[in-house]
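Because the structure is a prediction, the values reported are computed rather than measured.
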Amino acid sequence: MRLVVVTRHAESVLNTVRRVNGDPTIPVELTIGGEAQARALGLQLANLEIETCVHTRFRRTLWTAELALGGRPVPFVEEPLLDDVKVGELEGAPIERYREVKRSLGRTRPFPGGESLDDAARRFAQGYRRVLELGARRILVVGHEIALRYALNAAAGSDELDGPIHEIENATPYLFDEPALLRAIARLEELAGPPPGPAAPPAG
């Protein structure tokens with residue numbers, strides 16, 4: 001049986017001050033507590049053979065993976081399609097402001113200078129498909145809260161990607177066999193719908 005272990009990165013300094021970051025070029029470190037969380041994750045994974053580790057372009061995911069695997073000879077693969085949501089002009093904003101704007105925009109309209117939630121969901125689906133295409137039997141994916149939450153809700157057949165699971169703890173592993181992750185991919189694409197076509201040219 002193929003097994004994909006998906007986890008959110010360990011606690012970052014922005015988690016503690018409740019601010020959002022969707023730009024991977026901005027360095028965001030783990031807290032001391034986050035480093036401890038990553039090592040504790042490693043204890044949970046210690047007796048599981050990991051053949052490949054996937055992380056995003058965000059340093060906090062790679063750092064979590066490195067601490068959790070503790071020098072084990074595991075190849076690392078960077079997967080930008082699983083990056084956190086591109087929040088554009090909301091970069092660095094308080095989480096409360098992000099949620100307020102998210103409610104006002106809905107799923108189809110993009111964050112100013114960023115992407116929409118449906119754009120992100122379609123991207124996550126492609127990213128998870130790329131994970132399965134790696135072919136390894138045991139894969140660790142260290143990513144972000146929203147991509148994991150969407151996958152869990154989608155795999156369960158939920159009618160909405162934001163529920164019934166609403167919160168994901170840092171550095172907590174969730175297990176998907178291949179059929180479950182394929183269900184998640186299909187449901188993500190179904191609920192997000194096809195990407196919007198090009199805008200129609202102005203009349204006249």
Side-chain angles (χ1 to χ4, degrees), residues 1-12 14-15 18 20-22 34 37-38 40-45 48 50-58 60-62 64-65 68-69 77 79-87 95 98-99 102-103 106-108 115-134 136-193:
M1 179 181 71
R2 296 185 70 191
L3 183 66
V4 181
V5 181
V6 187
T7 182
R8 181 186 182 188
H9 60 80
E11 181 186 69
S12 75
L14 286 188
N15 290 151
R18 296 177 60 78
V20 295
N21 165 232
Q37 289 175 342
L41 172 64
L43 292 177
Q44 296 184 66
L45 300 173
L48 179 66
I50 303 293
E51 298 176 12
T52 303
C53 177
V54 177
H55 60 90
T56 73
R57 293 183 295 173
F58 290 75
R60 56 188 178 269
T61 66
L62 176 58
T64 299
L69 292 174
V77 177
E79 182 47 77
L81 290 173
L82 293 175
D83 280 357
D84 213 343
V85 175
K86 301 169 187 175
V87 294
I95 189 70
Y98 160 79
R99 288 172 175 168
K102 182 175 75 168
R103 285 192 296 270
R107 300 203 55 85
T108 60
E115 65 183 339
S116 73
L117 293 174
D118 279 346
D119 288 337
R122 284 186 285 267
R123 175 165 59 80
F124 298 154
Q126 294 173 21
Y128 286 124
R129 185 173 283 111
R130 292 258 294 258
V131 167
L132 290 176
E133 288 170 355
L134 292 172
R137 301 287 297 172
R138 299 287 185 270
I139 303 173
L140 172 64
V141 178
V142 182
H144 303 274
E145 193 271 349
I146 189 169
L148 174 51
R149 174 162 46 89
Y150 279 14
L152 288 168
N153 288 327
S158 175
D159 290 331
E160 59 166 325
L161 294 175
D162 280 318
I165 297 171
H166 298 287
E167 298 287 342
I168 301 292
E169 296 295 327
N170 295 95
T172 300
Y174 291 83
L175 277 58
F176 294 80
D177 62 13
E178 185 171 8
L181 196 52
L182 287 170
R183 282 199 311 274
I185 291 167
R187 190 65 171 156
L188 279 166
E189 292 175 334
E190 180 183 1
L191 291 178

Do the side chains of Leu48 and Leu3 get nearer than 4.5 Å, heavy atoms only? yes
Got a donor-acceptor contact below 3.5 angstrom from the Arg130 side chain to the Glu79 backbone? no
Any side-chain to backbone donor/acceptor pair from Glu11 onto Asn170? Under 3.5 Å, distance only. no
Indicate yes or no for a side-chain donor-acceptor contact from Arg2 to the backbone of Leu132 under 3.5 Å, with no hydrogens or angles considered. yes
Tell me if the aromatic rings of His144 and Phe58 count as close, with their centers under 6.0 Å from one another. yes
Specify the closest pair of heavy atoms between Glu189 and Ala125, including all atoms of both residues, with the distance to one decimal. CG-CB, 3.6 Å
Under a 3.5 Å distance rule, please check whether Asp83 uses its side chain to pair with a backbone N or O of Arg57 as donor and acceptor. yes
How far apart are the closest heavy atoms of Glu115 and Asp84, and which atoms are they? OE2-O, 4.2 Å
Rounded distance [0.5 Å steps], CG in Leu62 versus NE2 in His55: 4.5 Å
Judged by atom type as modelled, is there a donor-acceptor pair below 3.5 Å linking the side chain of Thr64 to the main-chain atoms of Ala10? yes
Pro173 and Val5 have their tightest heavy-atom pair at CB-CG1, 3.6 Å
How far does CD of Gln126 sit from CD1 of Ile185, to the nearest 0.5 angstrom? 10.5 Å
Val6 side chain near Leu152 side chain, heavy-atom distance below 4.5 Å: no
Do Leu191 and Tyr150 touch side chain to side chain, with heavy atoms closer than 4.5 Å? no
Search all heavy atoms of Val87 against all heavy atoms of Tyr98 and return the closest pair with its distance. CG1-CE1, 3.9 Å
Do Leu82 and Val131 have side chains that get closer than 4.5 Å, going by heavy atoms? yes
In terms of heavy-atom contacts, Leu117 and Ile146 come closest through CD2-CD1, 4.1 Å
Any sub-3.5 Å donor-acceptor pair from Arg138's side-chain atoms to Ile50's backbone N or O? no
Ser158 side chain vs Leu161 backbone, donor-acceptor pair below 3.5 Å: no
Give the minimum heavy-atom separation between Ala155 and Ala180, together with the two atoms involved. CB-O, 3.7 Å
Taking the side chain as everything from C-beta on, heavy atoms only, tell me whether Thr108 gets closer than 4.5 Å to Ser116. no
Minimum side-chain heavy-atom gap Asn15-Arg60 below 4.5 Å: no
Quick one: which residue pairs count as a salt bridge (charged side-chain N to carboxylate O under 4.0 Å, His left out) with a foot in residues 159-174, not counting sequence neighbours? Arg99-Glu167, Arg107-Asp162, Arg149-Asp162, Asp159-Arg187
Could you measure the distance from the CG atom of Leu148 to the NE2 atom of His9? Nearest 0.5 Å is fine. 10.5 Å
Could you measure the distance from the CD1 atom of Ile139 to the CD atom of Glu178? Nearest 0.5 Å is fine. 9.0 Å
Hey, could you give me the CZ/NZ distance between Arg123 and Lys86, rounded to the nearest 0.5 Å? 5.0 Å
Starting at OG1 of Thr7, measure out to CD of Glu145 and round the result to the nearest 0.5 Å. 11.5 Å
Within the 4.5 Å heavy-atom criterion, are Val4 and Val141 side-chain neighbours or not? yes
All ring-ring contact (aromatic ring centres under 6.0 Å, His included) counterparts of Tyr128, not counting sequence neighbours: none
